[in-house]
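Following: one structure in structure tokens, then a few remarks.
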Amino acid sequence: MNRLDRLTAILTHLQTKKTVKAQEIAQRFDISLRTVYRDIRALEEAGVPVIGEAGVGYGLVDGYRLPPVMFSKEEALSFLVAEKLLEHLSDRESSHHFHEAMYKIKAVLRTSEKDILDNIDPMIAVRPKRNNLNLTGKDRLFQHILTALAEKTVLQVQYHALEKDEITERSLEPIGIYFAYEKWYLIAWCRLRASYRTFRMDRFRKLTLSDIRFDNLHPTLADYLKQVEQSEKLTQIVINADKSILKYIQEEKFNQGFVMEKDMGRSIEMTFMTSSPEGFLRWVLMLADHIQIIKPLEAKVKLVKLLEEMLTAQREGLMKSGGFNCH
């Protein structure tokens with residue numbers, strides 16, 4: 001990136017926040033702090049009203065705006081991919097808002113770039129598992145949660161807990177949302193349980209914004225997830241897997257706590273750290289004829305027990321259906 005392009009990009013960056021630290025600019029553009037200071041000075045000399053405060057960062061005088069920015073072809077294509085993903089991974093309202101934003105983005109593109117987007121649009125598809133957030137009645141789920149996060153507003157919800165198969169009424173103080181394992185999750189302080197809880201967003205039967213504001217100082221989402229990670233009791237499980245089945249577990253292994261692997265010739269020795277040993281073993285069951293548990297011994301015993309229980313259940317089901325002749 002030449003200096004003129006970088007100065008324009010820095011100016012655009014300054015418009016994204018009230019205050020931007022010099023270190024943030026340096027990291028984004030891979031330049032030194034000294035270069036950041038020189039670039040900021042160049043913007044000031046060009047008449048840009050930059051406000052700088054030692055130890056705080058840089059900002060622009062309130063009300064100063066650049067003319068509409070032009071997007072590059074690569075940036076426009078990235079927006080198109082994001083639109084496809086959001087359509088299938090969020091609720092209808094959020095997807096609608098992004099579609100509207102895309103119209104505004106396309107409006108400032110050059111004709112050649114508009115043509116590229118139109119031509120490539122039908123060549124991109126997302127085929128995730130069923131998206132329960134797209135169901136009727138959950139249209140504004142994301143918008144309510146994002147508003148509550150921004151305004152520190154209590155959420156009133158009806159939540160379906162599958163473990164106990166019960167629906168409870170709760171008041172939640174949200175601290176953040178995250179996406180994992182093809183599902184969206186909300187982290188919040190639950191007033192009913194008086195503790196931090198994780199809620200799968202597709203299990204909300206009803207969610208509304210209340211008029212109640214909260215002033216409690218909750219940890220940031222990043223800090224909370226880090227605390228959970230450090231406090232989780234992890235179990236190390238080592239398996240030996242035939243190379244013939246690696247293609248079936250290559251992606252899912254990372255969701256199961258994959259740490260490292262070692263080539264053993266015809267097989268691969270794989271090490272995992274998991275907070276749910278039984279959940280891990282039930283995953284292994286899918287390809288149990290090609291996988292051996294090396295350690296710990298408890299995992300080996302549990303896997304055999306699970307196999308025996310499955311075999312017994314299937315045998316009993318077969319007998320009830322008349323599949324076996326019993327004398």
Side-chain angles (χ1 to χ4, degrees), residues 1-83 85-86 90 93-117 142-153 174-178 209 213-223:
M1 180 182 290
N2 61 46
R3 192 179 186 214
L4 180 58
D5 289 340
R6 189 174 71 239
L7 288 174
T8 303
I10 290 175
L11 182 50
T12 301
H13 194 143
L14 289 173
Q15 291 186 99
T16 65
K17 296 180 181 180
K18 183 178 180 179
T19 306
V20 180
K21 293 184 180 297
Q23 186 63 45
E24 182 180 336
I25 297 173
Q27 290 175 348
R28 178 185 169 186
F29 298 101
D30 194 23
I31 56 179
S32 67
L33 286 174
R34 182 175 296 179
T35 301
V36 173
Y37 302 145
R38 284 202 301 264
D39 285 352
I40 293 294
R41 194 177 307 118
L43 289 173
E44 291 174 330
E45 291 171 353
V48 177
V50 179
I51 301 173
E53 186 175 341
V56 177
Y58 298 106
L60 296 175
V61 170
D62 194 33
Y64 178 84
R65 291 290 182 272
L66 276 176
V69 293
M70 294 298 292
F71 296 102
S72 68
K73 177 187 70 177
E74 292 76 16
E75 290 168 339
L77 289 172
S78 296
F79 280 124
L80 182 61
V81 173
E83 181 184 27
L85 285 169
L86 197 61
S90 66
E93 179 102 352
S94 297
S95 179
H96 170 73
H97 287 315
F98 200 90
H99 281 308
E100 292 300 311
M102 280 296 294
Y103 282 116
K104 296 176 182 177
I105 291 169
K106 290 176 181 178
V108 299
L109 294 177
R110 289 182 287 267
T111 301
S112 60
E113 290 161 353
K114 293 176 185 177
D115 291 340
I116 290 173
L117 257 64
F142 265 87
Q143 296 304 313
H144 283 332
I145 292 175
L146 294 175
T147 298
L149 286 167
E151 300 179 359
K152 302 192 83 173
T153 304
I175 67 171
I177 61 175
Y178 69 94
L209 279 167
R213 300 293 180 91
F214 62 88
D215 297 319
N216 296 332
L217 295 177
H218 297 301
T220 64
L221 178 62
D223 288 342

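Residue numbers count from 1 along this sequence.
- No more than 12 heavy-atom neighbours from other residues, nucleotides or ligands sit within 6.0 angstrom of NZ on Lys73.
- Separating the CZ atom in Arg3 from the CZ atom in Arg6 is a distance of 6.5 Å, to the nearest 0.5 Å.
- Atom-to-atom distance recorded for Arg38:CZ and Ser32:OG is 6.0 Å, nearest 0.5 angstrom.
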**OP:** Could you walk me through whether Thr19 and Tyr58 pass the side-chain contact (heavy atoms from CB on, under 4.5 Å) test, one step at a time?
**Re:** CA-CA 5 Å; Thr19 306; Tyr58 298 106; over 6 Å; no

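- Between Leu33 and Ala26, the shortest heavy-atom distance links the atoms CD2-CB, 4.1 Å.
- Around the CG atom of Asp62, the shell of radius 6.0 Å holds no more than 12 heavy atoms that belong to other residues, nucleotides or ligands.
- Note that CD1 of Ile25 is 14.0 Å distant from CG of Asp30, once rounded to the nearest 0.5 Å.
- For the pair Leu146/Ile177, a side-chain contact is recorded, criterion being any heavy-atom separation below 4.5 Å from C-beta on.
- Screening residues 13-24 for salt bridge (charged side-chain N to carboxylate O under 4.0 Å, His left out) gives Lys17-Glu24 as the qualifying pairs, with residues at least two apart or on separate chains.
- With respect to Lys152 and Asp215, no salt bridge is recorded, no charged nitrogen being found less than 4.0 Å from a carboxylate O.
- The shortest distance between side-chain heavy atoms of Val81 and Leu77 does not fall below 4.5 Å.
- Under the 3.5 Å distance criterion, the side-chain polar atoms of Thr35 are left unmatched by any main-chain donor or acceptor of Ile31.
- The nearest pair of heavy atoms linking Ala148 to Leu209 is CB-CD2, 3.7 Å.
- Phe142 has its side chain out of reach of Ser95: every pair of non-hydrogen atoms, C-beta onward, lies at least 4.5 Å apart.
- Checking Thr220 against Asp223 by side-chain atom types alone, a donor-acceptor pair falls below 3.5 Å.
- Residues Leu60 and Leu11 are in side-chain contact: their nearest non-hydrogen atoms beyond the backbone lie under 4.5 Å apart.
- By the neighbour-count criterion of 12 heavy atoms within 6.0 Å, atom CG of Asp5 is densely surrounded, having more than that number from other residues, nucleotides or ligands.
- Between Ile40 and Ile10, some side-chain heavy-atom pair lies under the 4.5 Å cut-off.
- A distance-only check finds a donor-acceptor pair linking the side chain of Thr8 to the backbone of Leu4 [under 3.5 Å].
- You'll find the side chain of His99 stays beyond 4.5 Å of the side chain of Leu86, heavy atoms only.
- Side-chain N or O atoms of Thr147 include one that pairs as donor or acceptor with a backbone N or O of Gln143 at under 3.5 Å.
- Of all heavy-atom pairs spanning Thr153 and Pro174, the tightest one is O-CD, 3.6 Å.
- For the pair Glu113 and Arg110, the salt-bridge criterion is met [side-chain N within less than 4.0 Å of a carboxylate O].
- Between Met102 and Phe79, some side-chain heavy-atom pair lies under the 4.5 Å cut-off.
- The CD1 atom of Ile116 lies 8.5 Å from the CD atom of Glu74; values are rounded to the nearest 0.5 Å.
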